[in-house]
Amino acid sequence: MHSMRHTVESCLKPIAGIVRCALPGVISLLAACATQIQPGPSPAPARPAIAAPPVSTAEQEALRTLVSLQDRLYRVGAPLLVNNTDLCKGNARNLLGFTAKNKYSYSAEFIEAAHQVLGLNDRLQVMGVLAGSSAAKAGVRLGDGLVSVEDKPLPQGQNAEREAASILAPLVNGKAGVKLSLERGGANLALNVPLTHACAFAIELGNTDQVNAYADGHRMMITRGMLDFVRSDEELAYVLAREMAHNALAHPQKQRMSATVGGIIDNLIRMHPDLNGMTGMSGIKPMPQAMDTAADTLALYMAARAGYSIEQAPAFWQRMASQYPAATLNGYNAIHPSVKQRLEAISKTLAAIKHKKAAGKPLSP
């Protein structure tokens with residue numbers, strides 16, 4: 001690890017005598033060294049750091065593909081999250097407006113690849129900035145390292161994401177902005193970042209070729225197979241908006257499916273999920289017709305308000321139904337079987353939105 005080599009080498013460099021430094025562990029590799037100057041002969045040369053084995057080409061490509069798919073989900077999802085706070089039914093929150101990861105954010109077999117390919121180390125680093133967010137306008141950039149928030153040091157190491165979330169949660173409540181200290185180009189930079197009011201639904205990537213999408217009340221998951229199926233960002237926005245609408249309308253909770261779907265999402269976000277149980281319906285009850293049509297209606301308003309063209313929504317969902325009918329038990333329409341009624345609701349909603357646009361009325365269901 002570059003950060004470990006740098007710390008070891010700087011601590012062993014002799015300064016008019018012997019420099020002794022104890023490295024307390026991976027999480028605190030950047031802690032200051034304790035220096036003691038003593039007279040005496042020069043120490044033996046330090047042993048060269050042992051370089052980590054190079055990451056294979058296959059691992060590099062797998063990681064780059066994963067990051068590219070995640071970036072696309074965040075990019076397409078950003079306008080939906082930012083422009084629909086009043087339609088999220090109480091699920092909007094003040095957010096920083098960016099995502100951050102370190103090398104431990106990836107599964108064990110990709111930690112070294114995340115370091116060598118993406119340049120990640122123990123410190124959380126900005127990996128995506130929500131388009132149109134206050135963070136973007138304030139100057140937060142990809143690659144910025146997170147040093148502190150409101151003068152509270154942000155954690156590093158294996159549990160940095162979880163620990164940082166617990167620090168940030170109370171700091172963003174009731175505030176218009178926060179003071180961030182960032183590391184950029186080897187220097188610290190202080191920014192006052194206004195908070196972004198957005199729908200507080202996480203967007204996840206599912207590592208399976210099954211063409212499906214899930215919502216557990218708090219998260220939306222789009223599978224790799226669904227990303228291969230959609231032909232444009234607009235079509236991806238239709239799927240994301242629909243799962244977002246299910247969450248906003250509390251359908252997973254009403255179906256008592258939050259725990260079941262949450263378990264599926266927890267499994268599929270792993271680099272190598274267990275697909276043995278992902279057959280048939282995977283324990284999910286089909287969505288009732290009334291809930292499905294309600295989600296379609298709200299989703300079209302969400303997509304339109306986010307600036308996406310919604311004219312091709314009927315053709316997209318018809319193509320989905322033709323290629324993956326309800327009989328495809330691990331496909332999208334197995335858990336959303338009311339295709340005919342959904343298409344009727346979509347046609348009516350498209351007409352209503354067109355009329356409201358022409359009349360200059362607010363786009364609300």
Kindly indicate whether the side chain of [X], heavy atoms from C-beta on, has any atom under 4.5 Å from the side chain of [Y].
| X | Y | value |
| --- | --- | --- |
| K179 | V193 | no |
| M320 | V211 | yes |
| T208 | M226 | no |
| Q116 | E59 | no |
| L96 | T196 | no |
| I335 | P286 | no |
| N91 | C199 | no |
| R75 | D233 | yes |

Please report the closest heavy-atom contact between A304 and I310, naming both atoms and the distance.
-> N-CG2, 3.9 Å
Scanning both residues in full, the closest heavy-atom pair of E243 with A215 reads OE1-N, 3.3 Å
Partner of W317 under side-chain contact (heavy atoms from CB on, under 4.5 Å), picked from V339, N333, V239, is V239
Only one of M291, Q341, R242 forms a side-chain contact (heavy atoms from CB on, under 4.5 Å) with D296, so which one is it?
-> R242
List the steps, then state whether side-chain contact (heavy atoms from CB on, under 4.5 Å) holds for Y308 with V76.
-> CA-CA 10 Å; Y308 290 108; V76 175; 3.5 Å; yes
Polar side chain donor-acceptor pair, [X] to [Y], under 3.5 angstrom:
| X | Y | value |
| --- | --- | --- |
| N84 | R305 | yes |
| S309 | E234 | no |
| Y214 | N212 | yes |

Are any of the side-chain nitrogens in [X] or [Y] under 4.0 Å away from the carboxylate oxygens of its partner?
| X | Y | result |
| --- | --- | --- |
| D144 | R141 | no |
| D266 | R219 | yes |
| K175 | E150 | yes |
| E344 | K340 | yes |

Nearest-0.5 Å distance that lies between atom [atom1] in [X] and atom [atom2] in [Y]:
| X | Y | atom1 | atom2 | result |
| --- | --- | --- | --- | --- |
| I203 | I222 | CD1 | CD1 | 8.0 Å |
| T223 | L69 | OG1 | CG | 10.5 Å |
| S232 | Q312 | OG | CD | 8.5 Å |
| L146 | E183 | CG | CD | 10.0 Å |
| K348 | T293 | NZ | OG1 | 9.5 Å |
| M257 | I264 | CE | CD1 | 9.0 Å |

Do L168 and V147 belong together in a cluster built from hydrophobic side chains that touch within less than 4.5 Å?
-> no
Answer yes or no: is there a donor N or O on one side and an acceptor on the other, between the side chain of N247 and the main chain of G217, under 3.5 Å?
-> yes
Side chain D122, main chain Q156, donor-acceptor under 3.5 Å = no
Residues at least two apart in sequence or cross-chain that pass ring pair (Phe, Tyr, Trp, His ring centres under 6.0 Å) with H197, listed by chain then number, are none
Quick one: is the NZ or CZ of R319 closer than 6.0 Å to the six-membered ring centre of F229, and within 45° of its axis?
-> yes
